[in-house]
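Naming: A, B, ... by sequence-line order, numbering from 1 per chain.
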Number of protein chains: 2
Amino acid sequence: MADPQPHRYKHPHPAVAVDLVIFTLLNGQLQLLLIERGIEPYRGAWALPGGFMRIDEDLVAAAQRELVEETGIGEAYLEQVGAFGQPKRDPRERVVSVAYFAILPAHKVALAAGSDAKAVAWHPYSELPELAFDHASIVAAAKAKLAEKVNRTTVALEFLPPEFTLTELQQVFETIRGETLDKRNFRKWAGTLSYIKATGRLRRGGQHRPAALFKPAVKGAMPIPTASLEWTTVATEKSSASEAAAKAQYRRGFEDAVSAINKAFADSSKGVLRALASR
Amino acid sequence: MADPQPHRYKHPHPAVAVDLVIFTLLNGQLQLLLIERGIEPYRGAWALPGGFMRIDEDLVAAAQRELVEETGIGEAYLEQVGAFGQPKRDPRERVVSVAYFAILPAHKVALAAGSDAKAVAWHPYSELPELAFDHASIVAAAKAKLAEKVNRTTVALEFLPPEFTLTELQQVFETIRGETLDKRNFRKWAGTLSYIKATGRLRRGGQHRPAALFKPAVKGAMPIPTASLEWTTVATEKSSASEAAAKAQYRRGFEDAVSAINKAFADSSKGVLRALASR
DNA sequence: CCAAAAGTGTTCAATCTACACCCATGG
DNA sequence: CCATGGGTGTAGATTGAACACTTTTGG
C-alpha cells in the first residue's frame, strides 16, 4: 500500500511522454509556446509543453489533455510528428516521447498565454532559445512537417479565425513558407481552392478599401488535400464519415541535418503553391 | 533476486514495442513480410514482425535489430511510420508501438524468407489476410507513406539491385502507385533524374534487344529529394556530411479512413511523377 | 486629397500528357 | 523470321511565373 513504487514489471519499461509543438501566428511571425523549466534537469531552460501519457489514455488524448492544460483550448488541430526515443534523451529515466504539433488560431491566443502559474511564453520560431532535452530536433521536425502540409492541405485555415480575408490567408502562407508571394497569383490560385468560399460580407478596417471575407467551405477542422476538386470531394465525404478518426498523423524529420534535407525536400516538391513565390 | 517482476516504478509504464512493415517487390507485386502468431492473443493470425524495445536501445536500433532477426538483412532502408498507442491495441498490457517501414531489394529477398523457425511469409499487399492487433492500420499508414515518398525521393532505388534497367525502375513506380505509366514519358523523366546514371553496360536477357543498365548516382542509401538538380545537390552534400543521421523519418496516416484520405492526398499532390500516368 | 490596403489580366516559359513505330536480340 | 521487350520524338494543353496600375475607404 505504502510502496512508493507499486508498479512492477518483468522487464524494464520506459516512460512514454507526449510533447507538444504549439504553433500560432502572432505579430506576423510563426511562434511557438515554450515553458521555462522550474526543476532539474535543464532547470531554467525552455522546453516544449508535455507530460506523461496515462496508462489508460490514448496518445492523442494525452496530447489533447496537455494542450488544454497549457492553453485552456481543447479544439485545435493536432497531428502526430513522430516518436523520439534516443536512450539518453532524458537523463533521469528512459523516456520515449511522442511529439504532436498543434495549431492555434491567432484570435484564441490571448486565452492561451498565462493560463498557468508556470512561466509560459510564445517565442518566434526564428529566435528560439536553447531548448531542453532533444526538443530542438522535435521542433525542427514539426516545422518541416508544418511547412510541407501547409502547401498541400487546408491546415493554413487553422491559423485563422472563422472569417478571414485573402490577405490574411496569404500571410499565413508567406509566414510559414518564409517567402513573399505574388498577390495576383495568390488570389488567382485561391480562387481555385474549393476549401474556402466568400461569405459575401466585408471587413471595413483602416483607411482603405474594405476586404471581402472568406470562410472555410467545409465544416470541421479536418485538413484535406487541396489540389483538385474531385479529391477534395472524396476527402470531404470520408472525413465526415469518420469524424472520430479525424486526427491525421504525420511524421518527418529527425535531426538537424535530416530536417535540413527535409526542408529542401518540402520546398522542392511541386507544391500547389510554388507558382506564387515572387522574386 | 528471484523476484519475477524486479522492475518497479512509481507510476505505471507502458511497454514500448517496435513493429516492422517490410516491403519488397516480388513477382511484380508489392509484398510484405508477415509472421503467423504461435501464441495468444491472435494465435494463428498474421502479424507484423516486431518486438519490444530494449531499455537502453534507440528506437531505430530496435527496428534494425528486429529486421536482422527476421530477415538476416541489416542494410535496408528504414524509416519511422509513427507511434500507435490506443489503450486496448494489445489486450495483455498497455503497449505503445512505434512502427517502421523497411524496403528490401528483390535480389536479397531469397535470404529473407525462412530465416527463422516461425511461420514467416511474403504476402501481396493486395491480398492481405486479417491482421492481428491494429496492424492493418499500421500497414495502411506505411503504404500511404511509401506511396508518397516514392514519387518524391529516391526510395524507389531501394527496391532494386545495384544495377537495374529503366524498365525495372518503371515497374517499381507502377507497382507502388498502382497504375501503368507511359514508357516514353517515364524515360524522358528518368533522363532528368540526377540520382541515377547509366553504367554503360548492357544486360542481355531474353530474345530481345539488350537493356542499358543504370545505377544510383549517389552512394549510400539516403533517399533524397528528386525534383531539381540544385536541391539534389544540396541534399547530397548534407547526406554525406551526416551519414550517422541518415535515417529520415516520416509518419502519415492513422486509421483506415484517414489513410484513405492520405491516399487521395498523395495522388493529388503534384508529384514529380504525375506526368507519367497513361490512361 | 492623401495614405493604405484591396483588387484585378496578360504574356511568356516550362512542364504535362497523349500517342505509334522501329530496333536488337535469342531461339 | 518471328516473338519479345528496348528504345525513341512531337505537338497541344495546362500550369507556372513575372509584372503595375486602379479602386475604395478613413482620416
Side-chain angles (χ1 to χ4, degrees), chain A residues 28 151-152 160 163-174 177 179-194 196 198-214 226-231 267-279, chain B residues 28 151-152 160 163-174 177 179-194 196 198-214 226-231 267-279:
Chain A
N151 286 339
R152 293 213 298 278
L160 294 172
E163 287 196 323
F164 51 87
T165 67
L166 289 183
T167 300
E168 289 169 338
L169 183 61
Q170 182 174 347
Q171 283 162 354
V172 174
F173 284 92
E174 287 181 334
R177 294 167 56 91
E179 62 188 341
T180 63
L181 303 174
D182 178 84
K183 187 165 45 154
R184 276 172 296 185
N185 289 339
F186 180 83
R187 295 166 101 90
K188 208 184 315 168
W189 175 74
T192 72
L193 295 178
S194 49
I196 62 169
T199 62
R201 293 158 27 86
L202 297 176
R203 178 188 298 164
R204 348 184 50 92
Q207 40 194 313
H208 54 77
R209 186 169 172 177
L213 286 169
F214 290 76
T226 57
S228 73
L229 186 61
E230 306 87 80
W231 285 119
D267 291 359
S268 72
S269 81
K270 314 228 165 163
V272 178
L273 253 191
R274 205 179 54 164
L276 308 178
S278 69
R279 148 194 26 218
Chain B
N151 286 339
R152 294 213 298 278
L160 295 172
E163 288 195 322
F164 51 87
T165 66
L166 289 181
T167 299
E168 288 169 338
L169 182 62
Q170 181 173 350
Q171 283 163 353
V172 173
F173 283 92
E174 287 181 335
R177 294 167 54 92
E179 61 188 341
T180 61
L181 303 175
D182 180 84
K183 188 168 38 158
R184 275 172 298 187
N185 290 338
F186 179 83
R187 296 167 100 91
K188 208 184 316 168
W189 174 75
T192 72
L193 296 178
S194 50
I196 61 169
T199 62
R201 292 159 26 87
L202 297 176
R203 178 188 298 163
R204 351 185 45 96
Q207 41 194 311
H208 54 77
R209 187 168 170 176
L213 286 169
F214 290 76
T226 56
S228 73
L229 185 61
E230 306 86 81
W231 284 119
D267 290 0
S268 71
S269 79
K270 314 229 165 163
V272 178
L273 252 192
R274 206 180 53 162
L276 309 179
S278 69
R279 144 197 27 210

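For B:Arg204 and D:dG6, the CZ to C1' distance is 12 Å, given to the nearest whole Å. Between A:Arg203 atom CZ and C:dG7 atom P there is a gap of 11 Å when expressed in whole angstrom units. A straight line from CG of A:Asn185 to C1' of C:dT8 spans 12 Å, rounded to a whole angstrom. Rounded to whole angstrom, the span from the CG atom of B:Asn151 across to the P atom of C:dC16 amounts to 12 Å. Taking atom NZ on A:Lys183 and atom C1' on C:dA4, their separation rounds to 10 Å, with Å as the unit. Atom-to-atom, CH2 of A:Trp189 to P of D:dT15 comes out at 14 Å; the value is rounded to the nearest Å. Rounding to whole angstrom units, CZ of residue B:Arg184 and P of D:dG5 are separated by 18 Å. The separation between A:Leu181 atom CG and D:dA18 atom C1' is 14 Å, rounded to whole Å.
A heavy-atom distance below 4.5 Å is found between the side chains of A:Glu163 and A:Arg201.
Using a 4.0 Å heavy-atom distance criterion, B:Thr165 is classed as making no nucleic acid contact.
With B:Thr165 contributing its side chain and B:Ala212 its backbone, the two residues share no donor-acceptor pair below 3.5 Å.
Comparing atom distances between the A:Arg209 side chain and each of D:dT4, C:dT17, C:dG7 picks out C:dG7 as nearest. Closest to the side chain of A:Gln207, from the set C:dT25, D:dC19, C:dA4, is C:dA4. Comparing D:dT8, D:dT4, C:dG7 against the side chain of B:His208 picks out D:dT4 as the nearest.
Remark: B:Arg187 is in phosphate contact with D:dG7, judged by side-chain N or O atoms under 4.0 Å from OP1 or OP2. Phosphate proximity of C:dA5 to A:Thr167: absent, as no side-chain N or O sits under 4.0 Å from OP1 or OP2.
Residue side chain B:Lys188 reaches the base of D:dT10 through a donor-acceptor N/O pair under 3.5 Å, judged by distance alone. A donor-acceptor contact under 3.5 Å is formed by the side chain of A:Asp182 with the base of D:dC19.
Under a 4.0 Å N-O distance rule, the pair A:Glu168/A:Arg203 qualifies as a salt bridge.
One distance of note links CG of A:Leu181 with CD of A:Gln170; it measures 5.5 Å at 0.5 Å rounding.
For the side chain to side chain contact (heavy atoms under 4.5 Å, CB included) test with B:Phe164, the passing option among B:Val172, B:Leu213, B:Leu169 is B:Leu169; the others fail.
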